[in-house]
Amino acid sequence: MKFIQPTSWPEALEARAMYPEAVAVAGGTDVLVELNFDRLRPSALLDLGRVRELATWGGEDGHIRIGAGVTYRELIANLARDLPALAMAARTVGSPPIRNRGTIGGNLGSASPAGDCHPPLLAAEAEVELASTKRSRIVPMTEFFVGPKRNVLEADELIAAVWVPVTTGPQVFSKVGTRNAMVIAVCSFALALHPDKQRVGTGIGSAGPVPLRADAAERFLEGHLEETGSWGSRAPLSDSVLERFGELVAKASRPIDDVRASAAYRRRALAVLGRRALSWCWEEYREARP
Ligand SMILES: Cc1cc2nc3c(=O)[nH]c(=O)nc-3n(C[C@H](O)[C@H](O)[C@H](O)COP(=O)(O)OP(=O)(O)OC[C@H]3O[C@@H](n4cnc5c(N)ncnc54)[C@H](O)[C@@H]3O)c2cc1C
């Protein structure tokens, strides 16, 4: 097996163009499992671990740009204030060794419907930056996943970064699993309130072929907040609004029965996660009254 180890981003893109059959490796926490179980036997590995440009983050144009090689540990340590739901999701990933190695780009690269970064990135209206030697393009999170474990990446492309708008309102992420750590989500849900745009963002994980947004739930809540002037008044939300929001979140899911849970359980759990997420976020919004 050929092992290619670029030390800069231009070199990495050259290598990607030259060896389109090579499997990219960042932290290796997904790739190494595939190799160990003999589900993957590539002719070449393209190790991105020495590409420093991928491991950086910073603010640009009202967004935070997170390099694809930023690990969960770094997300938790450095971005919890600006991107709270993403940091909450990162805290639930695997164990400390997995959080030290695993990267946001690797989560997107694997494109598992259960990937924990995906719901908060969807809710935050993030975009993914892809690059090749020929071009660079920005893909909204809503268009990035095309099927279970499949994304829009072309053979000559790498994930460069994720662009997330700077948070202006509260965000939460919650995940149901069979225990508190080292667990793949049975289902998960993220909510972000965007008071500056008077918009609501959602993301559902592990309850469909791809991570999903709950569009009807977003429209329902946006409509309610606008009609009642609640973005401005920050009046409490009634139980019926919380319930309805949860129901619409559950309705947006497309779960299956599998070893982790039944589809019916996932729908039920999402209704609860949706209702709770909204009550937490709205309380935080009320308490942050200027
Ligand atoms: C014990 C254990 C527990 C885990 N727990 C969780 C969990 O709780 N939640 C969760 O979401 N995941 C979990 N995972 C899965 C894994 O840790 C995450 O998906 C992680 O984000 C993968 O990142 P990585 O850098 O290790 O990716 P890698 O394994 O290096 O790569 C994963 C995929 O992404 C591609 N890739 C990586 N970087 C790039 C790039 N820059 N451009 C293009 N393609 C790229 C690779 O080719 C590969 O297809 C767990 C894994 C293990 C082994």
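No hydrogens, no waters, no symmetry mates; every other heavy atom, side chains included, goes into these values.
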Quiz item: Within a radius of less than 6.0 Å around NZ of Lys197, do more than 12 heavy atoms belonging to other residues, nucleotides or ligands occur?
Solution: yes

Exercise. With the side chain counted from C-beta on, respond yes when Thr71 and Arg99 share a heavy-atom pair under 4.5 Å apart, and no when they do not.
Key: no

Quiz item: Got more than 12 heavy atoms from elsewhere within 6.0 Å of CD, Glu226?
Solution: no

Exercise. Using a cut-off of 6.0 Å, state whether more than 12 heavy atoms not belonging to Arg91 lie near its atom CZ.
Key: yes

Practice problem: Answer yes or no: is there a side-chain heavy-atom contact under 4.5 Å between Pro84 and Phe173? | Solution: no

Quiz prompt | Check: Met88 and Val172 side chains under 4.5 Å, non-hydrogen atoms | solution = yes

Practice problem: Kindly indicate whether the side chain of Cys187, heavy atoms from C-beta on, has any atom under 4.5 Å from the side chain of Val176. | Solution: yes

Quiz item: When you look at CZ of Arg219, are more than 12 heavy atoms from neighbouring residues, nucleotides or ligands closer to it than 6.0 Å?
Solution: yes

Quiz prompt | Pair Arg137 + Glu129, salt bridge at N-O below 4.0 Å | solution = no

Quiz item: Under 4.5 Å between any side-chain heavy atoms of Pro6 and Leu46, yes or no?
Solution: yes

Quiz item: Does some side-chain heavy atom of Arg260 sit less than 4.5 Å from a side-chain heavy atom of Arg266?
Solution: yes

Quiz prompt | Chi angles and distances behind the salt bridge (Lys or Arg N to Asp or Glu O under 4.0 Å) call for Arg213, Glu218 | solution = CA-CA 9 Å; Arg213 275 184 82 147; Glu218 292 175 10; 2.8 Å; yes

Quiz item: Just wondering, more than 12 heavy atoms not from Leu35 lying within 6.0 Å of its CG?
Solution: yes

